[in-house]
Amino acid sequence: MPRKSARLAALTVAAACSAASAVVLTSPAHADTVRIHDIQGDTRTSPLAGQQVTDVTGIVTGVRTYGSSRGFWIQDPAPDADPATSEGVFVFTGSTPKGVAVGDAVTVSGTVSEYVPGGTSSGNQSLTEITRPAFTVVSGGNPLPAATTLDARSVPAAYTPEPNGSVNALPLRPAEYALDLYESLEGMNVQVSDARVVGATDPYTELWVTVKPYEHRNRRGGTVYGSYDAQNTGRLQIQSLGKASDFPDANVGDTLAGTTAGPLDYNQYGGYTLVAGELGTLETADLERETTRRQRTGELAVATYNVENLDPSDDTFAAHAAAIVNNLKSPDIVSLEEIQDNNGATDDGTVAADLTMTRLIDAIEAAGGPRYDWRSVDPADKQDGGQPGGNIRQAFLFNPARVSFTDRAGGDATTATDVTRIRGKAALTLSPGRIDPTSEAFDDSRKPLAGEFTFRGRTVIVIANHFASKGGDQGLTSQYQPPTRSSETQRHLQAKAVHDFTAKVLETQKNADVVALGDINDFEFSETTELLEGGGTLWSAIKSLPRSERYSYVYQGNSQTLDQILVSPSIRRGAFTYDSVHINAEFHDQISDHDPQVLRFRP
């Protein structure tokens, strides 16, 4: 609602920041020459960074009263003719801004700053701001500058030039590159219409939409990330300036119908973000959780499932059990990742996980599934990464009515299993046992767990993995293009170690059945996967699916593969089926952020 202009006229407010008083400005830029587009310039960083400006004019388009980045956006209603220069800018007040509302015409004085969300080490682009501001409200109730429409026609197909370095100094070419377009609109009022959700609402009340309905769309409404050269330029994060309770609980495939509009921000967790003052209406697509088929009598069903830091205090056991029984149809062998110790994140030296496993097994039986047995190797305290004190590890569940486990004693946190020959067949020296647990490849990371199983008289060696996470990699919207994926270094070492172990098995027995599976934390087209496959030693069976179905995880609106099941040549040559069972990643009420994978084959 407009406020009375008499109360607003010439109201001067010193924004709360490090001091309560108005900022005394020195060496100001001339007010009659400095407009918002002069501050923004035609590159990613302001030509006036570090300088003080006075009486910069604009209309308030949004006020943020929550979080660590409080302040308001202003936009010049009289733009210049250069599409590369943004007409909007964020005014950072530090605390909840007082005396300013959407529709106010204001003049702002302060220091032009470049803020890098996440810090300079993150590689993120910087956000141009006016900091330590003093502002004057000139009038209220003004119409907002018209929102710029983001859609399939306006957003370029190319993401960004690739200079193999920082793009900060490059002139923006918004008609050619999507990242340049978004940067040229930084701080401005933008809008999307009838946008399909491609990343479900998360606990931080954020979701992702696409403004390109046909860009790598799959049958469930997601946007598939299938190569490093196809970043899906139509993806955009949506936040809200309203109450968290009013934010919709959206799943992939739903639609924000009508108009969603607000300032275009840039943040640490996703880059360019539409901060909505006007939020569209959620229209549900009624996406259903998938169910795979039950294995036939002569088929061995092997699954991998990341249960996301499961410990006895969690309330998700019944839901995980129902997923294993009803959606996965009780596989014969289940490789579980992120099983925590008996007291979860409590850091008291506990490493055993028998309570965690027993509670899950009981829940599965209560849900109508088989009475599973289990095997694992406890890690050394605080040596396998993950949540501090949680001591996550992989564990095997198996149905003893269908498959037997070959126990060979001696496996512990630091003793490596090896390959031997027994009656002409490849066998493990320790089962369960860990692969190369003292290698630098697995420093502060999960060690691969190997186990020897027998199904209908045939030996199957299964290797459960949880490779190093992608934490520390630069984001797709990084100022550095192409982004640096520093976490790959350790995964490459891990992939080489698992490949070499598998190669030793196949050297011992050419037709051995080997399954290497788990949370690989890398894509099916990545170098990590290529190293695992090793020119034919293994093969990622998710590649048997159509490209549009190759995903197990949704990150920043990209449906992508992190969980994989790789098989030896004897399995690949035979009859097998593969299913990525989508029960979590696309849903706001997920019990894990990963979808399980199931392989069925005849040994």
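- The backbone N or O of K212 sits less than 3.5 Å from a side-chain atom of T210, completing a donor-acceptor pair.
- Ring centroids of Y159 and Y177 are separated by 6.0 Å or more, keeping the two rings apart.
- Nearest heavy atom pair, residue Q481 against residue L476, reads NE2-O, 3.0 Å.
- Nearest heavy-atom pair across F92 and R70 is CD1-O, 3.5 Å.
- In terms of modelled atom types and a separation under 3.5 Å, the side chain of D473 and the main chain of S487 share a donor-acceptor contact.
- Cation-pi check for K470 over Y555 is not met; the charged atom does not lie both under 6.0 angstrom from the ring centroid and within 45 degrees of its normal.
- In terms of heavy atoms, V63 sits closest to V100 at CG2-O, 4.1 Å.
- Counting only distance, with no hydrogens or angles, the side chain of S46 and the backbone of L48 share a donor-acceptor pair below 3.5 Å.
- A search for side-chain contact (heavy atoms from CB on, under 4.5 Å) contacts involving S445 returns A468, Q490, Q494, not counting sequence neighbours.
- Between R235 and N558 the shortest side-chain heavy-atom distance falls below 4.5 Å.
- Between S227 and D229, the side chains place no donor N or O within less than 3.5 Å of an acceptor N or O (distance only, hydrogens not considered).
- Between the CG atom in L179 and the CZ atom in R173 there is a gap of 12.5 Å [rounded to 0.5 Å].
- T136 places no side-chain N or O within donor-acceptor distance of the main-chain N or O of V138, the cut-off being under 3.5 Å.
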Return a table of donor-acceptor pairs under 3.5 angstrom between the side chains of residues 191-204 and protein atoms on other chains or two or more places apart.
{"unit_1": "Q191", "atom_1": "NE2", "unit_2": "T149", "atom_2": "OG1", "d": "3.1"}
{"unit_1": "D194", "atom_1": "OD1", "unit_2": "G258", "atom_2": "N", "d": "2.7"}
{"unit_1": "R196", "atom_1": "NE", "unit_2": "G221", "atom_2": "O", "d": "2.6"}
{"unit_1": "R196", "atom_1": "NH1", "unit_2": "P213", "atom_2": "O", "d": "2.9"}
{"unit_1": "R196", "atom_1": "NH2", "unit_2": "G221", "atom_2": "O", "d": "3.4"}
{"unit_1": "T201", "atom_1": "OG1", "unit_2": "P248", "atom_2": "O", "d": "2.8"}
{"unit_1": "T201", "atom_1": "OG1", "unit_2": "A250", "atom_2": "N", "d": "2.9"}
{"unit_1": "D202", "atom_1": "OD1", "unit_2": "Y204", "atom_2": "N", "d": "2.8"}
{"unit_1": "D202", "atom_1": "OD1", "unit_2": "T205", "atom_2": "N", "d": "3.2"}
{"unit_1": "D202", "atom_1": "OD1", "unit_2": "E206", "atom_2": "N", "d": "3.1"}

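- Salt bridge status for D522 with R491: present, with a side-chain N to carboxylate O gap under 4.0 Å.
- Side-chain contact between H216 and Y225 is absent, with no heavy-atom pair separated by less than 4.5 Å.
- Two residues are said to be in side-chain contact when any heavy atoms from C-beta on lie closer than 4.5 Å; Q237 and N267 meet this criterion.
- The minimum heavy-atom distance linking S184 with A84 is given by the pair CB-O, 3.7 Å.
- Scored by the side-chain contact (heavy atoms from CB on, under 4.5 Å) test, D38 finds R35 as partners (sequence neighbours excluded).
- No side-chain donor-acceptor contact under 3.5 Å links S240 to the backbone of F247.
- Using the six-membered ring where Trp is involved, Y182 and Y272 have ring planes that are tilted, between 30° and 60° apart.
- With sequence neighbours excluded, no residue forms a salt bridge (Lys or Arg N to Asp or Glu O under 4.0 Å) with E87.
- With sequence neighbours left out, Y480 forms a ring pair (Phe, Tyr, Trp, His ring centres under 6.0 Å) with no residue at all.
- If you look at F90 and F72, their ring centroids are not closer than 6.0 Å.
- Remark: Q75 pairs with no residue by the side chain to side chain donor-acceptor pair (under 3.5 Å) rule, at least two apart or across chains.
- Looking at E278, its side chain never comes within 3.5 Å of a backbone N or O of T260 through a donor-acceptor pair.
- Within the 4.5 Å cutoff, the side chain of S86 has no heavy atoms near those of the L185 side chain.
- Note that the CG atom of N168 and the CD atom of E183 stand 8.5 Å from one another [nearest 0.5 Å].
- Contact check for L181 versus L150: side-chain heavy atoms found under the 4.5 Å cut-off.
- In this structure, D104 contributes its side chain and V106 its backbone to no donor-acceptor pair below 3.5 Å.
- Judged as a salt bridge (Lys or Arg N to Asp or Glu O under 4.0 Å), and not counting sequence neighbours, the contacts of D265 are R64.
- Side-chain contact check for V56 versus V34: some heavy-atom pair is nearer than 4.5 Å.
- T350 pairs by the side-chain contact (heavy atoms from CB on, under 4.5 Å) definition with D341, N342, N343, D348, not counting sequence neighbours.
- None of Q125, R44, Q40 except one satisfies the side-chain hydrogen bond (donor to acceptor under 3.5 Å, both in side chains) rule with E186; the exception is Q40.
- In terms of the side chain to side chain donor-acceptor pair (under 3.5 Å) criterion, residue partners of S126 (sequence neighbours excluded) are, by chain and number, E114.
- Distance alone, capped at 3.5 Å, is enough to place a donor-acceptor pair between the T233 side chain and the P156 backbone.
- Here OH of Y66 is found 14.0 Å from NZ of K243. Values are rounded to the nearest 0.5 Å.
- Every side-chain contact (heavy atoms from CB on, under 4.5 Å) that I59 has, sequence neighbours left out, goes to P77, A105, N142, L144, P145.
- Here the CD1 atom belonging to I238 is positioned 4.5 Å from the CG atom belonging to L274, to the nearest 0.5 angstrom.
- Between V108 and I130, the closest heavy-atom pair is CG1-CG2, 3.9 Å.
- When every heavy atom of V307 is checked against every heavy atom of I339, the shortest pair comes out as CG2-CD1, 3.8 Å.
- Counting heavy atoms from C-beta outward, N391 and D381 have side chains that approach closer than 4.5 Å.
- Scored by the side chain to side chain donor-acceptor pair (under 3.5 Å) test, T281 finds no partners at all (sequence neighbours excluded).
- A donor-acceptor contact shorter than 3.5 Å links the side chain of N232 to the backbone of V224.
- Taking CD of E338 as the reference point, atom CG of L310 lies at 10.0 Å (rounded to 0.5 Å).
- Using a 4.5 Å heavy-atom threshold, the side chains of P161 and L170 count as touching.
- Between the NE2 atom in H466 and the CG atom in L336 there is a gap of 12.5 Å [rounded to 0.5 Å].
- In this structure, a donor-acceptor pair under 3.5 Å is present between the side chains of S113 and T131.
- Between the side chain of T43 and the main chain of T45, a donor-acceptor pair closer than 3.5 Å is present.
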Side chains of residues 588-596: which donor-acceptor pairs under 3.5 Å do they make with residues two or more places apart or in other chains?
{"unit_1": "H588", "atom_1": "ND1", "unit_2": "N251", "atom_2": "OD1", "d": "2.9"}
{"unit_1": "D589", "atom_1": "OD1", "unit_2": "R289", "atom_2": "NH2", "d": "3.0"}
{"unit_1": "Q590", "atom_1": "NE2", "unit_2": "N584", "atom_2": "O", "d": "3.1"}
{"unit_1": "Q590", "atom_1": "NE2", "unit_2": "F587", "atom_2": "O", "d": "3.1"}
{"unit_1": "S592", "atom_1": "OG", "unit_2": "N306", "atom_2": "O", "d": "2.6"}
{"unit_1": "S592", "atom_1": "OG", "unit_2": "H594", "atom_2": "N", "d": "3.2"}
{"unit_1": "D593", "atom_1": "OD2", "unit_2": "Y553", "atom_2": "OH", "d": "3.4"}
{"unit_1": "H594", "atom_1": "ND1", "unit_2": "D563", "atom_2": "OD1", "d": "2.8"}
{"unit_1": "H594", "atom_1": "ND1", "unit_2": "D563", "atom_2": "OD2", "d": "3.1"}
{"unit_1": "D595", "atom_1": "OD1", "unit_2": "I583", "atom_2": "N", "d": "3.1"}
{"unit_1": "D595", "atom_1": "OD1", "unit_2": "N584", "atom_2": "N", "d": "2.8"}
{"unit_1": "D595", "atom_1": "OD1", "unit_2": "A585", "atom_2": "N", "d": "3.0"}
{"unit_1": "D595", "atom_1": "OD2", "unit_2": "H582", "atom_2": "ND1", "d": "2.9"}

